[in-house]
Amino acid sequence: MPAYSAADDALTTKLVTFYEHLKDSSVPSHQATVLLFEPSNGVLKAVLDGSVITAKRTAAVSAIATKLLMPAFAEVLCILGAGVQAYSHYDIFTELFTFKEVRIWNRTKEKAVKFAGSVSGPVRVCSSAREAVTGADVIVTVTMATTPILFGDWVKPGAHINAVGASRPDWRELDDELMKNSVLFVDSRDAALTESGDVILSGAEIFAELGEVLKGTKPALPEKTTVFKSLGMAVEDTVAAKFVYDAWSAGN
């Protein structure tokens with residue numbers, strides 16, 4: 001995943017491997033390394049842990065989307081999935097927002113229980129996805145699902161969903177009802193229309209890219225039920241890697 005940011009004067013390539021573990025594993029499904037280059041001459045400046053950068057920048061983008069799109073009085077956060085992205089999303093969401101309740105569900109309950117016992121605040125472990133979702137104001141899906149695990153008739157009207165998993169054109173996390181009856185935001189139209197099974201297979205219409213909302217060219221519509229489909233963009237890794245490198249350089 002190569003990218004260049006003129007604003008940050010940063011050039012990177014992220015190397016990513018992905019393994020769909022047939023059984024729950026302590027090894028993350030995604031492994032990544034970010035190479036940071038000097039833009040003027042191509043000299044390699046740094047090799048960074050891309051797995052950490054990916055986890056944190058993905059959660060940060062979800063947090064930006066949530067700040068813009070969540071209902072005015074959001075009290076319940078629901079996380080579906082208990083892997084690396086569940087932890088990074090929990091950390092930033094509980095740092096930036098105030099929820100009265102946090103719920104989690106995972107296909108393997110033991111991992112959900114482990115998650116609840118590992119994080120800094122109280123988390124309610126739910127026995128089903130439906131139990132976790134019912135009444136939730138903000139929902140985060142960070143699963144390895146290939147067929148829908150979140151259904152529109154479960155979702156509270158006006159809720160906001162960050163759909164982070166299902167990054168292949170034939171994979172799904174959200175059903176057709178939810179996709180078609182929500183206002184759909186994406187990080188990249190081009191990527192969503194070629195990589196996201198939730199978007200492609202549902203035929204849902206993309207309302208806006210998140211960048212358009214940040215620039216003020218499209219409204220956020222937090223009063224509506226909203227979905228942010230996150231696939232990740234290489235430039236996010238570039239900006240994050242440059243930030244880490246600059247912070248390290250300043251300390252040395």
Side-chain angles (χ1 to χ4, degrees), residues 1-3 12-22 24-25 27-34 49-66 69 78-90 92-93 105-107 111 129 139-151 160-176 178-180 182 184-211 226-240:
M1 295 174 64
T12 66
T13 291
K14 183 167 76 171
L15 309 177
V16 187
T17 60
F18 170 75
Y19 286 82
E20 182 185 1
H21 301 303
L22 298 180
D24 285 324
S25 170
V27 179
S29 59
H30 292 71
Q31 304 283 344
T33 301
V34 177
D49 185 335
S51 298
V52 173
I53 287 176
T54 300
K56 291 187 178 295
R57 64 85 158 151
T58 303
V61 174
S62 293
I64 292 169
T66 300
L69 303 174
C78 163
I79 302 174
L80 303 182
V84 171
Q85 287 289 351
Y87 286 89
S88 61
H89 277 74
Y90 173 88
I92 195 165
F93 275 52
W105 169 84
N106 190 69
R107 176 172 54 93
K111 288 188 70 175
I139 302 166
V140 179
T141 61
V142 282
T143 73
M144 292 290 292
T146 57
T147 58
I149 48 95
L150 179 59
F151 296 85
H160 170 64
I161 299 97
N162 296 291
V164 180
S167 57
R168 293 188 176 185
D170 57 343
W171 287 10
R172 301 287 301 269
E173 283 188 314
L174 282 54
D175 78 335
D176 285 354
L178 180 56
M179 290 298 297
K180 290 182 177 180
S182 303
L184 176 59
F185 298 82
V186 298
D187 47 12
S188 164
R189 276 190 177 84
D190 291 343
L193 292 173
T194 56
E195 300 174 21
S196 169
D198 283 324
V199 176
I200 297 166
L201 299 177
S202 70
E205 181 180 349
I206 297 170
F207 176 73
E209 290 184 342
L210 189 60
T226 53
V227 170
F228 171 59
K229 179 58 202 173
S230 170
L231 288 162
M233 301 170 67
V235 72
E236 296 167 0
D237 301 305
T238 300
V239 172

Within the structure provided, determine whether [X] and [Y] are in side-chain contact (heavy-atom separation under 4.5 Å).
X	Y	value
L150	L178	yes
F228	V61	yes
T33	D49	no
V16	M1	yes

Which pair of heavy atoms, one from [X] and one from [Y], lies closest together, and at what distance?
X	Y	value
V164	S62	CG2-OG, 3.8 Å
A82	N106	N-OD1, 3.1 Å
A163	V227	CB-CG1, 4.5 Å
A240	I53	CB-CG2, 3.7 Å
V186	A192	CG1-CB, 3.8 Å
V199	K229	CG2-CG, 4.2 Å

Distance (rounded to the nearest 0.5 Å) between [X] [atom1] and [Y] [atom2]:
X	Y	atom1	atom2	result
T147	R172	OG1	CZ	9.5 Å
I139	W105	CD1	CH2	13.0 Å
R107	T143	CZ	OG1	9.0 Å
Q31	S51	CD	OG	5.0 Å
R189	I206	CZ	CD1	6.5 Å
S167	F18	OG	CZ	6.0 Å

Under the 3.5 angstrom rule, does the side chain of [X] hit a backbone N or O of [Y] as a donor-acceptor pair?
X	Y	answer
T58	A55	no
E209	F185	no
S202	D176	no
D175	P148	no
D198	E173	yes
S182	L184	no
R168	D170	no
D187	S230	no

Quick one: list whatever passes salt bridge (charged side-chain N to carboxylate O under 4.0 Å, His left out) with E236, sequence neighbours left out.
->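 E236 satisfies salt bridge (charged side-chain N to carboxylate O under 4.0 Å, His left out) with R57 only.
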Determine, stepwise, if the pair T66 / N162 fulfils side-chain hydrogen bond (donor to acceptor under 3.5 Å, both in side chains).
-> CA-CA 8 Å; T66 300; N162 296 291; 2.8 Å; yes
Residues that Y90 engages under ring pair (Phe, Tyr, Trp, His ring centres under 6.0 Å), provided they are two or more places apart |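 Testing Y90 for ring pair (Phe, Tyr, Trp, His ring centres under 6.0 Å), a comparison that skips the adjacent residues, returns F115.
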Not counting sequence neighbours, which residues clear ring pair (Phe, Tyr, Trp, His ring centres under 6.0 Å) with F93? List them please.
->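 For F93 the ring pair (Phe, Tyr, Trp, His ring centres under 6.0 Å) partners, ignoring immediate neighbours, are H89, F97.
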Could you walk me through whether K14 and T54 pass the side-chain hydrogen bond (donor to acceptor under 3.5 Å, both in side chains) check?
-> CA-CA 10 Å; K14 183 167 76 171; T54 300; 2.8 Å; yes
Run the numbers on I161 and T226 for side-chain contact (heavy atoms from CB on, under 4.5 Å), then give the verdict.
-> CA-CA 6 Å; I161 299 97; T226 53; over 6 Å; no
